[in-house]
Amino acid sequence: MNILIYLLPIALALGLTGLFAFVWALRNGQYDDMDGASLRILSDDDL
Amino acid sequence: MSETRDYSHFVTQRGGHSSIELAVEGVACAGCIAKIESRVKALPGVGEARLNFTTKRLNVGWTTGALDAATVVETVEKAGYRAHPFAPQDVKDEDARTARWLLTCLAVAGFAAMNIMLLSVSVWSGNASDITGETRDLFHWLSALIALPAAAYAGQPFFRSAWNALKHGTTNMDVPISIGVILALGMSVVETMNHATHAYFDSAIMLLFFLLCGRTLDHAARRRMQLAAGNLAALKAVVAHRLDAAGNLVTVPPDALRPGDRIMVKPGERVAADGEVVDGASDIDDSIVTGETLPRRVAAGAEVYAGSINGSGALTLRVARSGEATLIGEIQQLLDRATAVRSRYVRLADRVARYYAPVVHLTAALTAAGWMLWGLSAHDSIIIAIAVLIITCPCALALAVPAVQVVTVSRLFGQGIFLNAGDSIERLAETDTVVFDKTGTLTLPEGRVANRADIAPALLQRAARLALSSHHPLAAAVAREASERQPLAGANEMSGEGVTALVDGVEARLGSPQFCNVAVDGGDRDGGSLIAFRHGDATALFVIRQTLRPDAVRVIAELRERGLSLCILSGDREPAVAAVAAELGIANWQAGVKPAEKVALIRKMSEDGHRVLMVGDGLNDAAALASAHVSMAPISAADLSKAKADAVFLGERLAPVADALSIARQARAAMMQNLALAIVYNIIAVPVAIAGFVTPLIAAAAMSGSSILVTLNALRLKQRKEERRDQSGEQARAEPVSGGPAVIGQQAVAR
């Protein structure tokens, strides 16, 4: 069971990373325009 | 057009950076995004241009002074899309912040729940096999470490709302939720300190997660609707044409006008401010303010009010009052104050909460007392009591209503109905009487050709195409009939008289009967106006009148079949109202009703025990709209954003009224079903809890199960098909599935 001593912190850290990533994406406006995001794939701007 | 536009009113400046937000109409595909953004970005000085496809809004930023906001709007228009700026204070920043906050709370609750479940499932499976006490304690403490901060943050929406309610001495659904969460967490910490087998951290956090799901979806659905409504309001915005010192016309928003400015009001336009006529003569339609549909003749020296519609002559006005100081603005403010005193309708959910909280808390208390009497230790009795609190799952109850509301708001939105108030659905479902205004509500706001059946189709088309080149409101009615939207080349309009053009080498004229040399017989025209057409030897006389909405007769018949009492209260003259009532088959009607009388009549109906739905437009209905149990207004109503109606419907059909009522009834039925499900679940779960058999595993499963059940029941509403009432070739012009503004634009362009 000693493995828990580093598995648990790693699990928690991963969880927190996921949370921060989501909150960052939210603050950055990634969720403001879901329909637009799906359509922008089709534009040729970057080619 | 030689007119310049002054949009400086709409520009936000911060430091050396200016930005503007535009409502854009006609955006339908990926190509539109690319086209608009690339063209706007190509303008010198523009830093960023981003089109939000979901809200149909374009955000443009540029270095201050590099270009004029009007250039941006013109660029978008040249690309083929209608665009209009938002005033900075109209942008609903508050809603955006709440939406983000709710999503963040949801994320925190979700991540915490997932991680705690990780540990909980380990404990539960370990309890059945060989987990040691120390490991279990470690896992419980870790759960506490995750749960407590997460609940402190993610529970804010509920704690704040519950605190607010308690401060005012009432209770709502959030009070038992908050008590449940706090007690569950507290008890779990105490249990963990005592090295117990069970801890309820996961139940508490999962509860928060499910409830936040409901809240977030509810808020998102409402916000989406409000954004679309905001777009419509911006695109319908009245503009004023100010004459500057040199005599040039500048387009400005009405709020930018100052007393003393001279503005020009073109034929057919809405007057933008209160003022005195300086030059010109015309007929003014004051119906929006007084309800009187007969136009008033005005000339130099006459007073004109904001909101009224100009007739056939161009007027120059000197502004006396603008913005909120206008007559229309003052009436609006009076109404705002009056409706604040309106009796508060107690929402269904809150009514349930009133019973739920005391019953549940009493049960828990009795359970604790009972077990203690039976001999169990105080500690164990309290544990069982709190388990009872947890299992009674405000989850299903608090999701019962929001889940249905989310689905219903989307359904209504799909039918072109915007809700202004959250509890409108419940009030719509309770309606038993419908009161209609006539002008603009039962009848279409713009005139139509009433005698088109008497006119040869080819002649009608020729007249209609010529009418496209005229600004006259009567000509606009004829222009609606045109199937080819291309105006004739070389059309020449003589203001106030008519328009001429050469068609196949022969002169065609459209205008007043004298202009076209058409004889007018003294026949009864039912109050309609005349416009004549001559092409060579062929002549036609069009009677323009307000006509009933295309499906009015059928909708009224359907409402009557449903058993609703119907009534017309109109400020118009008796013959006009009598004719409409006869055509619709409504026996109960009154004409010449003043606004105050409308309110009194509706109050009397309410006192007699009827629940009244008032459908009306125009300021003269506003007080009545506010005093009825629930109200709806068509989109042509005075001001979309300030409408006192609970719901606004788009399009030319009256069907949305019937749709709203049926959708609301189905929603109410679903809400009741959900509440029944929640109660049944409680009846099963509570005895189990009282007997002391509830473990965190059972609590988690019960909570998830009941929430899913309630949500699935709400989703069932989506399966109901809306009746597609398309008859007599009338296209469903007002079906905004995802492009409300786009449809209105088509109508506007078609004029």
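Only heavy atoms go into these numbers, but all of them, side chains included; no hydrogens, no water, no symmetry mates. Because the structure is predicted, anything quoted here is derived from the model rather than measured. Reminder, nothing fancy here: chain letters follow the sequence lines and each chain counts from 1.
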Discussion item. Working note: L106(B) + F22(A), criterion side-chain contact (heavy atoms from CB on, under 4.5 Å); need CA distance, chi angles, decisive distance, verdict.
Written reply: CA-CA 11 Å; L106(B) 180 66; F22(A) 179 84; over 6 Å; no
Discussion item. Between F111(B) and L16(A), does the side-chain contact (heavy atoms from CB on, under 4.5 Å) criterion hold? Intermediate values first, please.
Written reply: CA-CA 8 Å; F111(B) 278 93; L16(A) 275 176; over 6 Å; no
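Within 6.0 Å of OH in Y153(B) there are more than 12 heavy atoms belonging to other residues, nucleotides or ligands.
With salt bridges taken as basic N to acidic carboxylate O contacts below 4.0 Å, one links R100(B) and D32(A).
With a 4.5 Å cut-off on non-hydrogen atoms, A34(B) touches chain A through its side chain but not through its backbone. If you measure heavy-atom distances from T132(B) to chain A, you find no contacts under 4.5 Å at all. Interface residue L12(A): only side-chain heavy atoms are found under 4.5 Å from chain B. At a 4.5 Å heavy-atom cutoff, the contact between L8(A) and chain B is made by side-chain atoms alone.
Of the inter-residue distances, the one linking I5(A) atom CD1 with L138(B) atom CG reads 7.5 Å to the nearest 0.5 angstrom. Taken to the nearest 0.5 Å, the CZ atom of R40(A) stands 6.5 Å off from the CG atom of L51(B).
For the side-chain contact (heavy atoms from CB on, under 4.5 Å) with D33(A), the lone residue among N52(B), I33(B), T55(B) that qualifies is N52(B).
Shown here for A30(B) and L42(A), the closest heavy-atom pair between the two residues is CB-CB, 4.0 Å. Contact record, L118(B) with A11(A): CD2-CB, 4.3 Å, taken as the closest heavy-atom pair. For the pair V23(A) and T104(B), the tightest heavy-atom approach, listed with the atom from each and the gap, is CG2-CG2, 3.9 Å.
For the set R50(B), M114(B), E37(B), the count of heavy-atom pairs under 4.5 angstrom toward chain A peaks at R50(B).
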